[in-house]
Amino acid sequence: MMRLLSLLLLVAIPTRCVAFLPSTSTTRSSRPSRPLSVKPPVLDDVCETMGVTLTRFMNEVAMLNPELKELTTIFGAIDTACKAISNEVKRSQLPSSETLGYQGAVNAQGEDQKKLDVITNDLLKRALRFTGRLGVLASEEEDTPVDVIGRSTGKSGSLEIVLDETTDYVVCFDPLDGSSNVDAGIPTGTIIGIFEHDETCEIDFDNIGEDEAAEQEARCLANTLQPGTNLVAAAYCLYSSSTFLTLTLGNGVYMFTLDETIGEFILAKPNVRIPESSSIYSFNEANLDYWDEPMREVVERWREGTGRSGVRFSSRYIGSMVGDVHRTLMYGGVFGYPGDTKNPNGKLRLLYEGAPMAFIMEQAGGLATTGTQRVMEITPEVVHQRVPVIMGSKNDVIEVIECYKTAAAPFSRAAAAA
Ligand code: FBP
C-alpha cells in the first residue's frame with residue numbers, strides 16, 4: 001500500500017499538496033451531472049452605467065442551469081482572488097513593496113519560486129478552499145510528498161484533508177503564469193481549469209486502517225489526472241494595462257474587464273471568436289533549431305510568405321502564455337511552445353496551462369494541438385506533466401497539423417528526441 005502511495009505522490013505531486021475530499025453522504029454520484037450544453041445568459045436590460053458584472057453573469061448562469069449553482073460559487077472565489085492578485089502584482093512595483101524577487105525555494109519543476117508565486121498560490125488556494133465546493137486542488141506551486149493531517153492519521157504533514165458536504169469540483173491552476181517576467185512589470189496571468197470529481201472518494205476514516213486510507217487518498221488525488229475533454233470550465237486572468245478575466249463554461253467565451261472604480265469585472269466581449277486565419281506567430285524562436293522538423297518548416301514558410309495563405313507572417317512573443325494567448329484570441333495568430341530535441345514535451349504543463357487554454361481556444365473557434373494530437377484529449381499521468389502546445393487560428397493550426405501528417409518520415413516525438 002505505502003509503496004503505491006509513495007509512487008503516486010512522488011511522481012504526481014512532489015511537494016506540498018492540498019486535497020479537499022467529498023464526504024461520504026453527498027458524493028458526486030448523487031448529484032445531477034452537468035448539462036450537455038450550458039444555456040448562456042440572455043443579458044438583456046443592461047445597466048448603462050455599470051454594464052454586466054461577473055456576479056450578475058454567474059447568477060444568470062445559475063438561474064438558467066441550476067445544476068451549475070455550485071460552479072458559480074467557485075467563480076465567486078476566482079473573482080475575488082484575481083482582484084486581489086491584480087492588486088498584489090500592481091503594488092509589487094512600488095518601492096515600499098517587498099514582494100518582488102525570489103522566495104528562496106524551488107517548486108516541483110525545480111524552478112526558483114518567486115515571492116509572488118507563493119503569495120498568489122496561497123491567495124487562490126484559500127479563496128477556493130472557503131467555497132466549500134471543492135474536491136481536490138492541484139497547483140503549479142504545490143509539490144511536497146504527502147503526509148496526512150486531520151482525521152485519518154493525526155500526523156502533521158503536508159496534506160490537508162477537509163471533508164465538505166457538497167464538494168463537486170477539482171480545480172487545477174497556475175497562480176501566476178509568466179512569473180519570470182513579473183519583476184519587470186511584464187504582463188502575467190492566472191490560469192484555471194475546473195473538472196468535475198469523476199470518482200466518488202468515499203474515505204471511511206473511522207473503519208479503515210491508515211494504509212488503506214492513504215491508498216484511497218492517493219486515488220482521490222488521481223482525480224486531478226483528467227483529460228481536457230472533462231473540463232466543465234476554464235478561465236484565465238491577465239494582469240496587464242487592464243485586468244482581463246476570460247472564461248468558458250463550454251458554451252462560448254466571455255471576456256470581462258476589471259473596472260477598478262467599482263471593483264467589479266464587467267462583461268466587455270461576449271461570445272469571443274478568434275479570426276480563422278492570421279498573419280502572426282508567437283513562439284520562442286531561440287529554440288527553432290531544436291524544434292520538430294514539421295514545426296520548423298511551417299514557421300519558415302510563414303516568415304517567407306510561402307505558407308498556405310501566401311501571407312508573410314509577423315512575430316509577437318511576450319513570454320507569458322496568458323498574454324500571448326489573450327492577444328492571439330483578439331487578433332488571431334498561432335501561439336505555442338512546441339516539443340523539441342531538448343524538451344520533447346515542450347515547457348507548458350498540460351493540467352493547468354495547456355488544457356484550460358485549449359478549452360478556451362476551441363470554444364472561441366480556434367484549435368489546440370501538440371502537432372499530432374488534440375491537446376484536450378490527452379490524459380495526464382502525473383500532475384506536472386508537460387505537453388507540446390500549438391494553438392490559435394483554425395486555418396493556420398490546420399496547416400501545422402497537416403505538415404506533421406505529411407512530414408517525410410512518420411513523425412514520432414520519441415524518435416526525434418533519440
Ligand atoms: P510559468 O511562469 O508559470 O512557469 O510559465 C511558463 C512560461 O513562463 C509561460 O508563461 C511562457 O509561455 C513560457 O514559460 C515562456 O518560456 P520561455 O521563456 O522559454 O520562452
Side-chain angles (χ1 to χ4, degrees), residues 9-10 12-20 74 77-131 134 136-147 149 156-162 170-194 221 224 235-240 243 245 319-323 347-349 351-353 356 382-386:
L9 292 160
L10 275 175
I13 307 173
T15 59
R16 185 168 171 73
C17 165
V18 172
F20 301 95
I74 295 212
I78 292 169
D79 180 335
T80 313
C82 288
K83 288 171 190 166
I85 294 174
S86 171
N87 196 38
E88 282 294 331
V89 168
K90 278 201 179 72
R91 292 188 57 73
S92 68
Q93 301 298 329
L94 295 173
S96 58
S97 151
E98 286 163 2
T99 55
L100 291 182
Y102 288 95
Q103 178 73 11
V106 293
N107 67 17
Q109 292 104 82
E111 294 159 343
D112 293 319
Q113 283 181 314
K114 289 280 176 114
K115 290 182 186 166
L116 281 167
D117 282 327
V118 177
I119 292 167
T120 55
N121 186 54
D122 282 345
L123 244 166
L124 198 46
K125 203 168 61 179
R126 288 173 202 285
L128 289 166
R129 177 178 181 190
F130 294 114
T131 60
L134 222 58
V136 175
L137 76 79
S139 158
E140 179 182 348
E141 304 307 333
E142 298 290 344
D143 53 6
T144 304
V146 167
D147 188 30
I149 301 180
S156 69
S158 58
L159 177 68
E160 291 170 39
I161 298 208
V162 177
V170 174
V171 178
C172 304
F173 59 85
D174 181 351
L176 197 63
D177 174 69
S179 59
S180 54
N181 292 316
V182 76
D183 292 23
I186 306 289
T188 52
T190 297
I191 307 174
I192 297 164
I194 306 174
L221 280 165
T224 57
Y236 70 73
C237 193
L238 172 64
Y239 311 111
S240 179
T243 298
L245 184 90
S320 286
M321 181 185 193
V322 177
K347 178 178 182 179
L348 303 173
R349 279 47 61 110
L351 206 50
Y352 43 79
E353 289 174 322
V382 291
V383 169
H384 300 292
Q385 179 171 327
R386 297 178 194 266

Take N87 and K83, measure what side chain to side chain contact (heavy atoms under 4.5 Å, CB included) needs, and give me the verdict at the end.
CA-CA 6 Å; N87 196 38; K83 288 171 190 166; over 6 Å; no
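- The salt bridge (charged side-chain N to carboxylate O under 4.0 Å, His left out) search around D122 returns K125, not counting sequence neighbours.
- Distance CG/L348 to CD/Q385: 13.0 Å, rounded to 0.5 Å.
- A pairwise comparison of heavy atoms in Y352 and V383 identifies CE2-O, 3.8 Å as the closest pair.
- Distance check, rounded to the nearest 0.5 Å: OG of S179 to CD of E141 gives 6.5 Å.
- Using a 4.5 Å heavy-atom threshold, the side chains of T224 and L351 count as touching.
- At least one side-chain heavy atom of E353 sits less than 4.5 Å from a side-chain heavy atom of E140.
- A heavy-atom distance below 4.5 Å is not found between the side chains of Y236 and D177.
- Between A77 and T131 the shortest heavy-atom distance is CB-CG2, 3.4 Å.
- A81 and L124 get closest at one heavy-atom pair: CB-CD1, 3.4 Å.
- For the residue pair K115 and T99, the shortest heavy atom distance occurs at CB-O, 3.5 Å.
- Nearest heavy atoms, I191 versus V322: CG1-CG2, 3.5 Å.
- One N or O on the side chain of N181 and one on the backbone of G319 form a donor-acceptor pair closer than 3.5 Å.
- Here the side chains of L116 and E88 are in contact, with some heavy-atom distance below 4.5 Å.
- For the pair K114 and Y102, the cation-pi criterion (under 6.0 Å, within 45° of the ring axis) is fulfilled.
- Here S92 contributes atom OG and L176 contributes atom CG; the two are 9.0 Å apart, rounded to the nearest 0.5 Å.
- Between the D183 side chain and the L100 main chain, no donor and acceptor come within less than 3.5 Å of each other.
- At least one side-chain heavy atom of T243 sits less than 4.5 Å from a side-chain heavy atom of C237.
- Nearest heavy atom pair, residue L123 against residue A84, reads CD2-CB, 3.6 Å.
- When side chains are defined from C-beta on, I78 counts as touching I194, because their heavy atoms get closer than 4.5 Å.
- The shortest distance between side-chain heavy atoms of L245 and D79 does not fall below 4.5 Å.
- In this structure, the side chains of D117 and E111 stay at 4.5 Å or more apart for every pair of heavy atoms.
- Note that SG of C172 is 10.5 Å distant from CD1 of I192, once rounded to the nearest 0.5 Å.
- In this structure, OG on S86 lies 7.0 Å from OH on Y239, to the nearest 0.5 angstrom.
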